[in-house]
Protein chains: 2
Amino acid sequence: MNISARTDYAIRALLTLASAQCAGSQPVSAESLAATQQLPKKFLEAILVDLKRGGLVNSRRGSAGGYSLAAPAEQITLGAVVRIVDGPLAEVRGVRPQNAEYVGDAEHLPVVWVALRASLRSVLDEVTLGAVLRGDMPAHVRALAQQPDAWRNR
Amino acid sequence: MNISARTDYAIRALLTLASAQCAGSQPVSAESLAATQQLPKKFLEAILVDLKRGGLVNSRRGSAGGYSLAAPAEQITLGAVVRIVDGPLAEVRGVRPQNAEYVGDAEHLPVVWVALRASLRSVLDEVTLGAVLRGDMPAHVRALAQQPDAWRNR
DNA sequence: GCGTTTCCTATCAATTCGATAGGACTTATC
DNA sequence: GATAAGTCCTATCGAATTGATAGGAAACGC
């Protein structure tokens with residue numbers, strides 16, 4: 001149930017690209033992305049290749065090359081990013097939650113796993129890069145983050 | 001963002017214990033738990049020791065020994081189980097979501113991570129072993145699982 | 001004391017995770 | 001067309017995690 005470094009780095013790099021998209025439109029190099037968000041350069045490069053394959057960014061090689069968002073920042077959700085760099089959302093022992101098979105007293109467990117995945121989706125698939133950049137989350141997400149003990153450990 | 005085998009196994013074993021709690025009250029052996037839910041015995045043993053340390057189950061050694069729930073099934077949440085066997089809910093690179101530090105364009109990212117954790121809690125901390133056993137989830141969880149595409153992949 | 005069962009320690013192979021190295025290929029620019 | 005700046009491919013790396021097993025010490029009921 002953890003958020004991996006890959007996901008974290010991917011999103012931070014994409015946020016920088018989103019910011020650049022607003023400003024002008026020349027591609028940003030991996031080196032520059034790594035520098036502004038303080039990410040390990042070579043590791044980030046590998047992640048960017050995945051994002052490219054996943055269709056979230058465009059790339060241009062050579063001098064004055066680099067990366068740019070393949071779509072408006074308002075249309076790229078965090079869920080899309082997570083799925084590309086980390087795979088499907090809430091797998092159980094490597095199997096999709098609705099396909100996990102249970103017997104006896106565990107019969108109703110799939111309902112829980114599916115609900116859990118749905119709750120992840122309700123955040124990740126509703127929040128876009130643009131929203132994070134502006135600090136303007138959907139009402140539903142803001143409500144979650146404003147719950148009394150949301151910022152406390154349990 | 002995956003549910004580990006440890007978590008899955010722990011919950012299934014606890015569900016069996018919950019079922020036994022209703023019936024009578026003699027402890028159930030690890031061997032028996034492994035058999036009824038088809039879990040690897042030695043691996044399960046290790047998990048049960050963690051659950052014991054975490055205070056979720058009582059154990060009795062020796063002949064006619066075994067495990068039993070330390071509290072009513074209606075009072076043990078899945079969240080408590082997950083935290084014991086897998087640690088804190090939505091850590092980012094091993095750090096609590098509210099403690100992750102970001103600069104520049106990623107400034108508002110903690111809000112997302114905290115909301116994400118809150119959404120996990122809204123399922124895991126609201127569902128008890130008893131509820132799963134009866135197949136009677138809280139309204140909020142049932143609503144999530146009944147969403148149009150909840151059972152489909154994305 | 002005998003069988004049963006928890007519980008502790010150690011170990012294991014496989015996989016994943018985070019990260020780096022080196023170099024091949026592409027491209028703009030002079 | 002050389003050159004510098006990039007992407008991108010392949011390989012590798014150590015460390016941690018994951019899922020799992022083995023063997024035996026300790027406790028317990030009878």
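The chains referred to below are lettered A, B, ... by the order of the sequence lines, with proteins before strands, and numbering in each begins at 1. No experiment lies behind these values; they were computed from the predicted model shown.
Across the protein-nucleic acid pair, B/R12 atom CZ and D/dG19 atom C1' stand 14 Å apart, rounded to whole Å. Atom CD in A/E31 sits about 10 Å away from atom P in D/dA5, given to the nearest Å. Across the protein-nucleic acid pair, B/D8 atom CG and D/dA20 atom P stand 10 Å apart, rounded to whole Å. Atom CZ in A/R53 sits about 8 Å away from atom C1' in D/dC8, given to the nearest Å. Rounded to a whole Å, the CG atom of A/L48 is 11 Å from the C1' atom of D/dC8. Straight-line distance from the CG atom of B/N58 to the P atom of D/dC28: 13 Å, rounded to whole Å. In this structure, A/E91 atom CD and D/dT18 atom C1' are separated by 15 Å, rounded to whole Å. Rounding to whole angstrom units, NZ of residue A/K52 and C1' of D/dC9 are separated by 14 Å.
At most 12 heavy atoms of other shown residues, nucleotides or ligands fall within 6.0 angstrom of atom CD in A/E31.
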* To do: Dump the intermediate steps for side chain to side chain contact (heavy atoms under 4.5 Å, CB included) on B/L44 and B/L48, then the final yes or no.
  => CA-CA 6 Å; B/L44 176 61; B/L48 284 166; 3.8 Å; yes
* Test side chain to side chain contact (heavy atoms under 4.5 Å, CB included) on A/M137 and A/Q146 and set out the steps. => CA-CA 12 Å; A/M137 310 295 170; A/Q146 283 177 352; over 6 Å; no
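With values rounded to the nearest 0.5 angstrom, A/R121 atom CZ is found 11.0 Å from B/L144 atom CG.
A 4.0 Å heavy-atom criterion places the boundary nucleotides of DNA chain C facing chain A at C/dG18 to C/dA28, written 5' to 3'.
Under the 4.5 Å side-chain criterion, counting only non-hydrogen atoms from C-beta, B/T77 is not in contact with B/L124. Contact of the B/Y102 side chain with the B/V92 side chain is registered, since non-hydrogen atoms from C-beta on lie closer than 4.5 Å.
Heavy atoms of A/R93 sit nowhere under 4.0 angstrom from any nucleic acid atom. Using a 4.0 Å heavy-atom criterion, one finds that B/E45 contacts the bases of the nucleic acid, with or without backbone contacts as well. The residue B/K41 sits apart from the nucleic acid: no heavy atom pair falls under 4.0 Å.
If B/K42 and B/A64 are placed on DNA chain D by their nearest nucleotide, the residue sitting closer to the 5' end is B/K42. Comparing B/Y67 and A/L44 by the nucleotide of DNA chain C that holds the closest heavy atom to each, the one mapping nearer the 5' end is B/Y67.
Of all heavy-atom pairs between B/V127 and B/P138, the closest is CG2-CD, 4.1 Å.
Between D/dC8, D/dT7, D/dG19, one nucleotide has an atom nearer to the side chain of A/A30 than all others, and that is D/dT7.
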